[in-house]
Amino acid sequence: ERSGIGASLLGRLAESDSAHFSAEVWALLHEVRQTLASDGGEAEGPISAFEREGWQRSLAEAEAAQVRKFTASGRLEELREALARTGEELGDVEEGFGVGPYMAALRVSSQDGVIFDFDVCQSPVNRVLRRKQWAALAPEARVAEITLSAWDSLDSTGRTELARRRLLGIEDASAGDSDDE
């Protein structure tokens, strides 16, 4: 954004026929809108495109599609089961926990409130934009992100261990390993 390239790209998108935007474009624009809002972006210039009725509707549909896809995947239930198998005190568990404009998988009241966020954005850019906002949106909690690639590559035992590490805030074995075991 330093050289105005972000505003320029958004301006070109705003001038385009949004009927031809793919679901991925709408998902990215949803994240960009949240980032601009958290940065105090004014609804003028290219940013005003987010206020258009058609954009509002498509952005809402993109968000709803992400929630439906995640719910249908069964991963929320798998996470709940993995957390139960950790043997750790969980306290209250709230599914579909709203954090600002986002819906996180669940919140566990023990461990000073841990919010589990499955990385369902499917794009590195979306993940970076979302991570940028956690400190402002949930300053009282620790957000524990679980990538879908890591989760899906693990068996039941591996998922339980991953959930335990995220719950307790334990770093993975090495930076090069990330969540993959």
Side-chain angles (χ1 to χ4, degrees), residues 1-79 94-107 113-153 166 175-176 178-180:
E1 188 57 44
R2 289 185 187 116
S3 63
I5 195 165
S8 174
L9 289 171
L10 185 56
R12 292 191 61 186
L13 281 171
E15 294 168 1
S16 300
D17 182 0
S18 63
H20 299 302
F21 290 177
S22 67
E24 291 81 9
V25 170
W26 286 117
L28 178 59
L29 286 171
H30 176 264
E31 299 295 324
V32 168
R33 179 180 65 175
Q34 304 314 332
T35 300
L36 291 172
S38 73
D39 288 345
E42 298 295 322
E44 55 189 41
I47 296 172
S48 66
F50 290 109
E51 303 305 319
R52 295 180 188 160
E53 185 179 329
W55 278 48
Q56 291 281 339
R57 184 178 53 254
S58 295
L59 291 165
E61 289 170 6
E63 183 176 14
Q66 270 189 338
V67 170
R68 281 191 309 273
K69 183 178 176 182
F70 177 69
T71 302
S73 75
R75 290 181 179 108
L76 182 59
E77 185 59 34
E78 292 170 356
L79 175 59
E94 182 180 350
E95 293 182 4
F97 181 71
V99 183
Y102 299 114
M103 187 66 64
L106 53 82
R107 180 179 66 163
V114 178
I115 298 170
F116 282 86
D117 183 41
F118 266 102
D119 161 24
V120 297
C121 298
Q122 306 295 332
S123 159
V125 175
N126 294 40
R127 289 191 295 270
V128 169
L129 293 173
R130 189 167 173 139
R131 283 182 195 136
K132 178 181 175 187
Q133 298 178 56
W134 285 130
L137 293 172
E140 74 291 345
R142 181 171 49 83
V143 178
E145 182 181 283
I146 298 176
T147 63
L148 295 181
S149 62
W151 188 259
D152 291 345
S153 70
R166 294 298 182 268
S178 78
D179 295 334
D180 301 319

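Rounded to the nearest 0.5 angstrom, Arg52 CZ and Leu59 CG are separated by 11.5 Å. Taking CD1 from Ile115 and CD from Glu140, the interatomic distance works out to 6.0 Å, rounded to the nearest 0.5 Å. Distance check, rounded to the nearest 0.5 Å: OG1 of Thr147 to CG of Asp117 gives 11.0 Å.
When side chains are defined from C-beta on, Leu79 counts as touching Leu106, because their heavy atoms get closer than 4.5 Å. Under the 4.5 Å side-chain criterion, counting only non-hydrogen atoms from C-beta, Phe116 is not in contact with Val143. Contact check for Trp55 versus Ser18: side-chain heavy atoms found under the 4.5 Å cut-off.
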Please determine whether side-chain hydrogen bond (donor to acceptor under 3.5 Å, both in side chains) holds for the pair Glu78 and Trp151, giving the CA-CA distance in whole Å, both sets of side-chain angles, and the decisive distance to 0.1 Å. CA-CA 10 Å; Glu78 292 170 356; Trp151 188 259; 2.8 Å; yes
Evaluate the side-chain contact (heavy atoms from CB on, under 4.5 Å) criterion for residues Leu29 and Leu13: first the C-alpha distance (whole Å), next the side-chain angles of each, then the deciding distance (0.1 Å), finally the verdict. CA-CA 10 Å; Leu29 286 171; Leu13 281 171; 3.9 Å; yes
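Of the possible polar contacts, none joining the Glu95 side chain to the Ala105 backbone as a donor-acceptor pair under 3.5 Å is found. In this structure a side-chain-to-backbone donor-acceptor pair under 3.5 Å is present from Ser153 to Ala150. Distance alone, capped at 3.5 Å, is enough to place a donor-acceptor pair between the Ser73 side chain and the Arg75 backbone. A donor-acceptor contact shorter than 3.5 Å links the side chain of Ser16 to the backbone of Arg12.
Using cut-offs of 30° and 60° for the angle between ring planes, the Phe70 and Phe118 rings count as tilted.
Considering every non-hydrogen atom in both Ala141 and Gly113, the closest pair reads CB-O, 3.3 Å.
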